[in-house]
**Q** 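Structure below; questions to follow.
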Amino acid sequence: MSLSANDKATVKALWAKISPKAEDIGNEALSRMLYVYPQTKTYFSHWSDLTPGSAPVRKHGKKVVGGIGLAVEKIDDLFNGLLTLSELHAFQLRILSHNILVVLAMLFPDDFTPEAHLAMDKFFARVALALSDKYR
Amino acid sequence: MVEWTDFERTTIQDIFSKMNYDVVGQQALARCLIVYPWTQRYFGNFGNLYNAAAIMGNPMVAAHGKVVLHGLDKAVKNMDNIKAAYAELSVLHSEKLHVDPDNFRLLGDCLTIVVAAQLGAGFTPEVQAAFQKFLAVVVSSLRRQYH
């Protein structure tokens, strides 16, 4: 599966619309991931507070969304563009991706059409693949 | 036996009592067919499923989405024994419909997203957790009779 020109255009257009709320999206998605899938908390045992909306969660949520923004920028060359990110992310990305889609549906119900949903789902799959590419 | 908290029970009853079955059923099934196109294999007689617009406008998809969503009512009414309540449906999906049970989770994910869009801010992490736990039990019960 690779991203068609239409997929890329759809992702970029949706991202442009939603990026003003980027921090909220990152916080909500990460909070939900930790709350709804408690097994993901094992990766953050070094944080003082893992409850939804806590300071460490909000801070990392911001970083996560920054990473996604980078991926959108590098959408034409994800495999080389994401070298700086840890391989750990690749295997857990599926769960986080689902929660990002849930948050987008909540915050942007009119923009998150089935076509946009499809393009974002494919995009996240591609990002996960790019992240794991160098590591096995 | 699945343990349900009072909050989880109330949340599930609440979501389904306010559910617009026509809209949510159609949207969830349509999304599943669009986002995971291999699921279209089970609906060969549904006519035009060639693109997202066709799927969204397809009356058979709308009708069947409603049927599937009402199928969840059995679980809502029998939360303390969903396993038993779904034994027949599980056999149906396995023996007659030949549905790969991995696809149940995908439809569940699409349903979660549609309900999230409907409830907006009301779809808090706690509500999401309750809803997804409910769907996970349903999916597990539907898988049970496969052999």
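Excluded from the calculations below are hydrogen atoms, water molecules and symmetry mates; all remaining heavy atoms, backbone and side chain alike, are included. Chain letters run A, B, ... following the sequence lines, proteins first, then strands; residues in each count from 1.
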**Q** Taking side chain as everything from C-beta outward and backbone as N, CA, C, O, which of these in Tyr37(A) sits under 4.5 Å from a heavy atom of chain B? Side chain, backbone, both or neither.
**A** side chain

**Q** Using non-hydrogen atoms and a 4.5 Å limit, figure out which bit of Glu126(B) sits close to chain A: side chain, backbone, both or neither.
**A** both

**Q** Nearest heavy-atom pair of Gln128(B) and Val102(A): which atoms, and what distance?
**A**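 What the structure gives for the nearest pair is OE1-CG1, 3.8 Å.
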
**Q** Side chains of Leu119(B) and Met106(A): does their closest heavy-atom pair fall under 4.5 Å?
**A**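 Leu119(B) does not reach Met106(A) side chain to side chain.
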
**Q** Would you name the heavy atoms of Ala105(A) and Ala116(B) that are closest together and state the gap between them?
**A** CB-CB, 4.3 Å

**Q** Which one of Asp109(B), Val115(B), Val114(B), Asn51(B) has the most heavy-atom pairs closer than 4.5 Å to chain A?
**A**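 When all of Asp109(B), Val115(B), Val114(B), Asn51(B) are compared, Asp109(B) has the most.
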
**Q** Can you tell if the side chain of Tyr36(B) reaches within under 4.5 Å of the side chain of Leu118(A), non-hydrogen atoms only?
**A**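 No, side chains not in contact.
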
**Q** Identify the heavy atoms of Ala129(B) and Tyr35(A) that sit nearest to each other, and give their distance.
**A**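 Closest heavy-atom pair between Ala129(B) and Tyr35(A): CB-CE2, 3.7 Å.
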
**Q** What I'd like to find out is whether the side chain of Glu115(A) reaches to under 4.5 Å of the side chain of Ile34(B), using heavy atoms alone.
**A**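 No; the side chains remain at least 4.5 Å from each other.
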
**Q** Give a yes or no on this: more than 12 heavy atoms of other residues, nucleotides or ligands lie within 6.0 Å of atom NZ of Lys8(A).
**A** yes

**Q** Measuring only between side-chain heavy atoms, which start at C-beta, is His98(A) closer than 4.5 Å to Gln132(B)?
**A** yes

**Q** Please determine whether residues Met60(B) and Ile55(B) belong to a single hydrophobic cluster, defined as Ile, Leu, Val, Met, Phe, Trp and Tyr linked transitively by side-chain heavy-atom distances below 4.5 Å.
**A**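 Hydrophobic grouping puts Met60(B) with Ile55(B).
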
**Q** Using a 6.0 Å cut-off, check whether atom NZ of Lys133(B) has over 12 heavy atoms from anything other than its own residue.
**A** yes

**Q** In terms of hydrophobic clusters joined by side-chain contacts under 4.5 Å, are Val24(B) and Phe108(A) together?
**A**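 Linked, Val24(B) and Phe108(A) end up in one cluster.
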
**Q** Are Leu29(B) and Tyr21(B) linked, directly or through other ILVMFWY residues, by side chains that come within less than 4.5 angstrom of each other?
**A**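 Yes; Tyr21(B) is reachable from Leu29(B) via cluster members.
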
**Q** Using the rule that two of Ile, Leu, Val, Met, Phe, Trp, Tyr join whenever any of their side-chain heavy atoms come within less than 4.5 Å, decide whether Phe46(B) and Trp38(B) are in one cluster.
**A** yes

**Q** Taking atom CZ as the centre, does Arg144(B) end up with more than 12 heavy-atom neighbours from other residues, nucleotides or ligands that are less than 6.0 angstrom away?
**A** no

**Q** Would you say His117(A) and Cys110(B) make side-chain contact, with heavy atoms under 4.5 Å?
**A** yes

**Q** So which of Leu34(A), Leu104(A), Asp110(A), Val36(A) has the biggest tally of heavy-atom pairs under 4.5 Å with chain B?
**A** Val36(A)

**Q** Under 6.0 Å from the CD atom of Gln13(B), do we count more than 12 heavy atoms belonging to anything else shown?
**A**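 Yes - once you tally the heavy atoms of other residues, nucleotides and ligands closer than 6.0 Å, there are more than 12.
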
**Q** Return the CE to OG1 distance between Met56(B) and Thr113(A), rounded to the nearest 0.5 Å.
**A** 8.5 Å

**Q** Please check if atom NZ in Lys122(A) has more than 12 non-hydrogen atoms from other residues, nucleotides or ligands closer than 6.0 Å.
**A**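 Above 12, so yes.
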
**Q** Which region of Ala121(B), side chain (C-beta onward) or backbone (N, CA, C, O), has a non-hydrogen atom less than 4.5 Å from a non-hydrogen atom of chain A, or is it both or neither?
**A** backbone

